[in-house]
Amino acid sequence: MDIDVLNEKQKEAVLKTEGPLLVLAGAGSGKTKVLTTRIAYLIREKKVDPSSILAITFTNKAAKEMKYRIIGMLGPIGYSIMICTFHSFGLSILKEQYALLGYKENFTILDSDDTLTVVKKIMKEMNIDSKMYNPKAIRNAISSAKNELMTALDYEKYVNSDFSEKVLKVFKLYEQKLFHNNSIDFDDLLVLPITIFRKHPDILKAYQERYFYVLIDEYQDTNEAQYLLSKFISAKYKNICVVGDESQAIYSWRGANYRNILNFEKDYDNAEVILLEENYRSTQTILNAANDVIKNNTERKEKNLWTTNEEGLKINYHRAYDEMDEAYYVAREIKKLLEEGISKSEIAVLYRTNAQSRMMEEVLLRENIPYKVVGSVYFYNRKEIKDLISYLKLLYNEYDDTSLLRVINTPKRGIGLKTIADLSLKATHEQKSIYEVIDHGKELQFKNLIESLKKETEHLSITELVEVILEKTGMRKEYESEKSLEGEVRLENLEEFKSITKTFEQEHGIISLREFLDEISLVSDIEEHKANDDVVTLMTIHSAKGLEFENVFLIGMEENLFPHTKYECGKSELEEERRLCYVAITRAKKHLWFLNAKKRLVYGMDASNPPSRFIREIREDCLLKDEIEPIVSKDFSLNIDENISYSLGDKVFHEQYGSGVVIDINSSIVTIAFEYPYGVKKMIKGHKSIRKVS
DNA sequence: AGAGGCGAATTTTTT
DNA sequence: ATTCGCCTCT
């Protein structure tokens with residue numbers, strides 16, 4: 001553990017172990033290093049019991065990274081430290097205290113799709129028109145209310161419109177329904193522990209004593225519930241260290257309140273504040289640009305990033321003709337970088353909205369530059385996977401109506417809408433779950449099937465159980481008998497799921513269904529276990545938070561797009577956009593490019609936006625305007641056979657990857673699933689390397 | 001139950 | 001421009 005490699009401020013942050021501490025850590029100032037060293041110091045020097053340390057992060061990825069680094073420093077003892085996300089911390093409490101709130105041990109967690117389904121169902125039952133009131137909006141309103149720690153009862157006081165009146169109605173039933181289903185949503189993972197703590201001071205006390213030292217990462221992103229949970233847990237010993245940077249608060253639209261970090265000193269008497277302003281990541285030029293932009297925000301703590309790094313390259317600024325020209329400029333610059341021997345994994349293209357990735361993808365495909373789009377398709381979101389997970393959830397918690405409804409007629413077993421409606425009505429009426437009220441007909445056969453599978457869970461591993469489910473529910477047969485290529489792909493996905501469970505079991509030993517379900521409920525996607533993929537990264541600025549790349553292209557630097565002003569543009573919204581810009585700029589270590597276009601298609605209409613105000617906020621000598629001839633090129637025909645149309649399920653043959661199936665088509669890109677080991681690839685329509693086979 | 005047509009919406013995303 | 005959800009028709 002190298003305390004000596006830390007700078008003075010970082011050292012202070014490590015050594016001040018007692019009492020409330022606020023570490024304002026600018027971008028690239030070694031925040032994670034401080035956190036991990038601090039934990040190592042507590043254990044090694046202060047002889048603190050690892051199990052009395054609680055470190056909370058926002059994402060699984062961050063938690064994993066921190067754990068990995070700690071274990072690197074301390075060895076296996078690191079495993080016994082509670083390093084987790086807010087939600088998994090909440091779950092750990094609920095697993096111990098569920099009974100206090102009347103839940104049964106086998107409660108399950110609904111994801112945001114599931115909760116939407118519940119909301120829709122309730123709206124239907126209550127005859128609320130889903131055209132007049134958007135179910136998603138209602139779900140979000142409920143979720144926001146819960147994160148503000150409002151119960152349905154509290155919400156009543158805030159009803160001031162038609163919409164909120166409907167929200168209230170749905171909210172009440174929603175909470176009832178979840179309870180009767182013995183299930184909870186993501187928000188409950190934060191809210192219910194707080195409810196318990198408020199009701200049972202003795203239990204709160206026990207947790208306070210268990211976690212003597214508390215660390216919270218990304219404190220600027222805490223919402224009310226998370227804020228309060230942090231406060232409760234550390235209220236007794238007040239050994240709370242929060243780390244964050246209000247300049248990087250970009251989730252206020254999700255209920256995060258960066259004032260939590262600005263108010264830390266008011267919340268905790270004698271709080272010490274340490275500023276980490278030395279940046280180890282970027283060049284002076286990049287930091288100047290970042291500072292120039294962020295200083296236009298009013299609500300922030302004065303902070304000025306500096307570095308001893310060299311001045312570095314200027315920021316290239318290119319105003320392209322249109323979005324295609326913009327993408328081509330980026331592709332050309334990337335090619336230059338690759339020729340210089342720069343690794344693709346050190347190149348990122350960042351944008352404000354997902355829609356912008358499209359043209360970029362198309363051009364990178366045409367130019368044969370390997371890339372990945374972060375956060376596009378979620379494995380767990382595929383239909384067949386969700387169905388399978390629903391079976392698992394139902395086996396664990398038969399009261400889970402959401403899962404039951406998903407699979408009761410999947411694959412088809414002749415249980416129609418009428419039957420389902422009747423069952424739902426009966427269940428609502430008797431305040432029971434659907435499973436409980438099933439007593440005859442084909443649905444009883446289904447119930448018996450579930451009962452027999454439940455028996456199997458006792459002596460099978462998860463992988464074996466999945467196999468039995470695929471067989472006995474007829475899922476496998478269904479897809480096999482389709483004799484369609486789509487069915488084949490779905491079967492492959494299910495096989496892939498089995499390899500996930502297998503890996504999981506190899507890593508964790510024999511695990512219970514509960515452990516497995518918890519894991520997949522709280523992890524949004526599987527590990528990107530294609531490790532050594534050296535490719536260019538495309539992603540939104542939001543997803544780029546916490547990451548760094550030597551070379552960063554920031555595209556769409558235009559008014560209306562970034563800052564984004566689709567709806568209203570209030571001062572606070574603009575400031576959040578500016579923080580987002582700050583985050584984007586500070587991702588770059590060595591070289592940064594700004595791109596925009598004189599005109600582009602927005603919602604199918606020509607739009608021409610002036611350059612982003614953020615560019616103007618940067619001192620001029622940081623920027624190098626690059627004026628080159630626009631590529632107004634029509635000769636994309638290179639390697640392309642025109643007029644080839646595709647439909648889903650078409651069989652194709654690729655000279656390198658062999659035979660494959662078209663699984664997605666969008667304007668000029670086809671997605672093709674090739675056989676093992678090539679997998680799913682995107683290609684430009686009509687590329688000469690692929691041909692259709694009949 | 002599945003295909004086709006129409007209208008509406010279209011920032012950011014984790015858990 | 002395109003996607004998505006809902007509706008109707010086979």
Side-chain angles (χ1 to χ4, degrees), chain A residues 56-63 84-91 109-116 120 124 129-132 134-137 140 143 146-147 184-191 218 221-223 225-226 229 249-256 323 350-359 374-376 378 380-381 409-417 482 484 518-525 539-546 556 560-569 573 576-577 579-581 583-584 600-607 647-648 664-669:
Chain A
I56 299 183
T57 63
F58 270 79
T59 63
N60 291 300
K61 202 176 158 198
C84 58
T85 64
F86 269 108
H87 291 83
S88 52
F89 176 58
L91 177 60
I109 303 166
L110 301 186
D111 67 22
S112 32
D113 279 352
D114 296 334
T115 58
L116 186 60
K120 280 183 186 162
K124 209 168 216 172
D129 186 355
S130 62
K131 267 188 193 145
M132 286 206 359
N134 182 301
K136 250 186 200 158
N140 292 346
S143 173
K146 289 176 81 164
N147 278 299
I184 62 174
D185 63 21
F186 282 135
D187 306 322
D188 287 330
L189 290 168
L190 308 170
V191 174
E218 307 274 16
D221 285 332
T222 47
N223 64 28
Q226 291 160 334
L229 198 56
I250 55 176
Y251 285 110
S252 72
W253 50 276
R254 223 162 65 185
E323 68 264 48
L350 307 184
Y351 36 81
R352 177 64 179 83
T353 66
N354 280 312
Q356 291 169 261
S357 72
R358 235 191 185 171
M359 185 54 75
V374 172
S376 46
Y378 289 138
Y380 290 157
N381 273 346
N409 202 29
T410 312
K412 312 264 175 297
R413 36 178 87 86
I415 301 175
L417 290 175
E482 267 181 24
S484 75
D518 285 348
E519 172 76 14
I520 59 175
S521 303
L522 292 184
V523 175
S524 60
D525 205 9
M539 61 184 151
T540 63
I541 303 167
H542 282 89
S543 330
K545 191 173 168 205
N560 304 321
L561 197 55
F562 192 31
H564 201 283
T565 49
K566 182 69 215 284
Y567 298 103
E568 76 268 61
C569 186
E573 284 87 0
E576 178 138 326
E577 294 291 311
R579 291 193 293 272
L580 195 54
C581 184
V583 168
R600 75 169 69 231
L601 282 178
V602 180
Y603 302 141
M605 280 183 300
D606 261 329
S647 24
L648 287 180
D664 190 44
I665 305 162
N666 95 45
S667 59
S668 61
I669 299 174

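Below, chains carry the letters A, B, ... as their sequence lines are ordered, and counting in each starts from 1.
Rounded to an integer number of Å, the gap from A/Glu576 CD to B/dT13 C1' is 12 Å. The interatomic distance linking A/Leu522 (CG) with B/dT14 (C1') rounds to 10 Å, in whole Å. What separates CG of A/Asn223 from P of B/dT13 is a distance of 18 Å, to the nearest Å. Taking atom CE on A/Met539 and atom C1' on B/dT14, their separation rounds to 16 Å, with Å as the unit. Atom CD1 in A/Ile250 sits about 10 Å away from atom C1' in B/dT13, given to the nearest Å. In this structure, A/Ile520 places its CD1 atom 17 Å from P of B/dT14, rounding to the nearest Å. Put simply, CG on A/Asp111 is 13 Å from P on B/dT14, counting in whole angstrom units. Rounded to a whole Å, the CZ atom of A/Phe86 is 17 Å from the C1' atom of B/dT13.
We find that the ring of A/Trp253 and the base of B/dT12 stack, their centres lying under 5.5 angstrom apart and their planes tilted less than 30°. In this pair, A/His542 does not lay its aromatic ring on the base of B/dT12; centres under 5.5 Å and planes under 30 degrees do not both hold.
At the heavy-atom level, A/Ser521 lies nowhere under 4.0 Å from the strands shown. Within 4.0 Å of A/Asp187, counting heavy atoms only, lies no atom of the nucleic acid at all. Using a 4.0 Å heavy-atom distance criterion, A/Asn409 is classed as a sugar-phosphate-only contact.
You'll find a donor-acceptor pair under 3.5 Å spanning the side chain of A/Ser112 and the base of B/dT15, going by distance alone.
Proximity of A/Asn354 to the phosphate of B/dT10: no side-chain N or O atom is located under 4.0 Å from OP1 or OP2. Phosphate contact (OP1/OP2 of B/dT13, side-chain N/O of A/Thr540, threshold under 4.0 Å): present.
With a 4.5 Å cut-off on side-chain heavy atoms, A/Ile184 and A/Leu189 count as touching. The side-chain heavy atoms of A/Lys545 and A/Glu218, taken from C-beta on, include a pair separated by under 4.5 Å.
A/Glu323 and A/Arg358 are not joined by a salt bridge, as no carboxylate oxygen comes within less than 4.0 angstrom of a charged side-chain nitrogen.
C/dG5 and B/dT12: their P atoms are spaced 16 Å apart (whole Å). For C/dT3 and B/dT14, the C1' atoms lie 24 Å apart once the distance is rounded to whole Å.
Between A/Phe86 and A/Phe58, the angle of the ring planes goes over 60°, which puts this pair in the perpendicular group of the 30/60° scheme.
Shown here for A/Phe562 and A/Gly556, the closest heavy-atom pair between the two residues is CB-O, 3.7 Å. The shortest heavy-atom contact between A/Gln356 and A/Leu561 is NE2-CD2, 3.7 Å.
Among B/dA1, B/dT13, B/dT15, the nucleotide with an atom closest to any side-chain atom of A/Tyr251 is B/dT13.
In terms of position on DNA chain B, the residue among A/Ala355 and A/Thr85 whose nearest nucleotide sits closer to the 5' end is A/Ala355. Comparing A/Thr353 and A/Leu189 against DNA chain B, the residue whose closest nucleotide sits nearer the 5' end is A/Thr353.
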task: Take A/Thr540 and A/Leu350 through the side-chain contact (heavy atoms from CB on, under 4.5 Å) test and state the conclusion after the steps.
output: CA-CA 5 Å; A/Thr540 63; A/Leu350 307 184; over 6 Å; no

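Looking at A/Gln226, its side chain does come within 3.5 Å of a backbone N or O of A/Asn223 through a donor-acceptor pair.
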- line: Expected string for nucleotides 1-10 of chain C under the B/S/- scheme (protein heavy atoms, under 4.0 Å, primed atoms plus P, OP1, OP2 as sugar-phosphate) is BSS-------

